[in-house]
2 protein chains.
Amino acid sequence: MEVLNGKWKILIIGTLMAGGKKRFMELLREVDGIAAKMLSKELQELEMHKLISRTVCNTKPITVEYEITEYGKKLEKILLELTNWGMEHREMILKG
Amino acid sequence: MEVLNGKWKILIIGTLMAGGKKRFMELLREVDGIAAKMLSKELQELEMHKLISRTVCNTKPITVEYEITEYGKKLEKILLELTNWGMEHREMILKG
DNA sequence: CTGGATCCGGCAGGATACTG
DNA sequence: CAGTATCCTGCCGGATCCAG
């Protein structure tokens, strides 16, 4: 699918699926190797597609929380199957 | 998944899933807009991952047939779900 | 802390021409 | 018909600096 385009989207979704609600910095730490600009950009794209929600918290240093939407969770099942397939695939290829 | 990387792989797999065994030229015609170089390259990558099989036929002008492997068919179910999700998604986005 | 603006290099991918 | 070789280009994504 072209909605999942970009080097990090699946990783981001995976991280949010595993850990639930996350702040920007948490994602920056947990999605290993990603730059702030890329995280910001891909989060925006995911939000445009209604896969995640963005919530601004009025704390002193402003914080933002991202979360998978109910709609986005429909992808969860499919993505999990895809991941499982990928695991089996790795083994199958490594053996020959 | 990173195995499905490349602009055309999903379209190629989809075409082979829908039409069964196909020759190079048939794919070149049916996968709209693809160049021969790209088709060749992505077919090789798919073959390395055992998702499709390549069979050379000893006809006068040599022909080659490509087909989804039994193993590759395991992706069919997942890919169909992903496609269905994409259809619903399109509608959902267009409405707002 | 969140994220926008800018600059830049590398590579995916397109067009074309050629071979067995 | 099937595939390779070569060249060229856009844009994806990384680094860095700046702002609210």
Side-chain angles (χ1 to χ4, degrees), chain A residues 1-16 19-69 72 86, chain B residues 1-69 72 86:
Chain A
M1 206 65 59
E2 315 70 37
V3 165
L4 301 173
N5 242 334
K7 192 173 178 178
W8 306 97
K9 290 215 179 64
I10 294 185
L11 278 175
I12 295 173
I13 294 177
T15 304
L16 283 176
K21 197 175 297 189
K22 296 274 184 184
R23 287 179 306 137
F24 190 86
M25 278 294 340
E26 292 180 301
L27 287 172
L28 202 53
R29 264 182 265 113
E30 296 180 26
V31 181
D32 201 69
I34 196 172
K37 171 196 168 184
M38 276 297 121
L39 181 55
S40 172
K41 180 194 162 196
E42 309 229 320
L43 282 172
Q44 282 176 32
E45 293 173 4
L46 290 173
E47 193 196 355
M48 287 178 195
H49 285 290
K50 311 287 188 187
L51 297 184
I52 63 176
S53 63
R54 198 181 98 109
T55 313
V56 182
C57 306
N58 278 16
T59 49
K60 20 186 176 175
I62 185 175
T63 59
V64 182
E65 288 180 337
Y66 294 92
E67 192 175 12
I68 306 251
T69 62
Chain B
M1 205 62 62
E2 314 71 36
V3 165
L4 301 174
N5 242 335
K7 192 172 178 179
W8 305 96
K9 290 215 180 63
I10 295 185
L11 278 176
I12 294 173
I13 294 177
T15 304
L16 283 177
M17 284 191 331
K21 197 174 297 190
K22 294 276 184 186
R23 288 179 304 136
F24 189 88
M25 272 271 91
E26 292 180 302
L27 286 172
L28 203 53
R29 263 181 265 113
E30 295 181 26
V31 180
D32 202 67
I34 196 172
K37 171 193 167 183
M38 278 297 120
L39 180 55
S40 173
K41 179 192 164 195
E42 309 228 320
L43 282 172
Q44 282 176 33
E45 293 173 5
L46 289 173
E47 192 196 355
M48 287 178 196
H49 286 290
K50 312 287 186 185
L51 296 184
I52 62 175
S53 63
R54 197 182 100 110
T55 312
V56 181
C57 307
N58 279 17
T59 49
K60 22 188 178 177
I62 185 174
T63 60
V64 181
E65 288 181 336
Y66 294 92
E67 191 176 11
I68 307 251
T69 61

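Not measured: the values here are computed from a predicted model. Residue numbers begin at 1 in each chain, while the letters A, B, ... track the order of the sequences.
- Atom CD1 of Ile12(B) and atom C1' of dG13(C) are 13 Å apart (whole Å).
- Straight-line distance from the CG atom of Leu43(B) to the P atom of dG13(C): 14 Å, rounded to whole Å.
- Between the C1' atom of dA12(C) and the CH2 atom of Trp8(B) lies a distance of 13 Å, rounded to the nearest Å.
- Ile13(B) places a side-chain heavy atom less than 4.5 Å from the side chain of Leu4(B).
- Dense packing is recorded around CG of Asn5(B), with more than 12 heavy atoms of other residues, nucleotides or ligands lying under 6.0 Å away.
- Contact of Lys37(A) with dG14(D) (side chain to base): a donor-acceptor pair of N or O atoms is detected under 3.5 Å.
- As a whole-Å value, the separation of Asn5(A) CG from dG13(D) P is 7 Å.
- Distance CG (Leu28(B)) to C1' (dA15(C)): 13 Å, rounded to an integer number of Å.
- OP1 and OP2 of dC1(D) both lie 4.0 Å or more from every side-chain N or O belonging to Thr59(B).
- Protein atom CD1 of Ile34(A) is 8 Å distant from nucleotide atom P of dG14(D), rounded to whole Å.
- Heavy-atom nearest nucleotides on DNA chain D were determined for Glu26(B) and for Gly6(A), and the one closer to the 5' end corresponds to Glu26(B).
- Distance CD (Glu42(A)) to P (dG14(D)): 9 Å, rounded to an integer number of Å.
- Here the side chain of Glu67(B) pairs no donor or acceptor atom with the backbone of Ser53(B) at under 3.5 angstrom.
- The residue Gln44(B) sits close only to the backbone: its heavy atoms come under 4.0 Å of sugar-phosphate atoms, none of a base.
- Following rounding to the nearest Å, Phe24(A) (CZ) and dA19(D) (C1') show an atom-to-atom distance of 14 Å.
- Considering only side-chain atoms of Lys7(B), the nucleotide from dG20(C), dG14(C), dG14(D) that sits closest is dG14(C).
- Nearest-nucleotide positions on DNA chain D for Ile62(A) and Val64(B) put Val64(B) closer to the 5' end.
- Using a 4.0 Å heavy-atom distance criterion, Met25(B) is classed as a sugar-phosphate-only contact.
- For dG4(C), one of the phosphate oxygens OP1 or OP2 lies less than 4.0 angstrom from a side-chain nitrogen or oxygen of Ser40(A).
- The nucleotide whose nearest atom lies closest to any side-chain atom of Lys41(A) is, among dC1(D), dC1(C), dG13(D), dG13(D).
- The heavy-atom pair separating Tyr66(B) from Ile52(B) by the smallest distance is CD2-CD1, 4.0 Å.
- Summarising the local packing, NZ of Lys50(A) is surrounded by 12 or fewer heavy atoms from other residues, nucleotides or ligands at distances under 6.0 Å.
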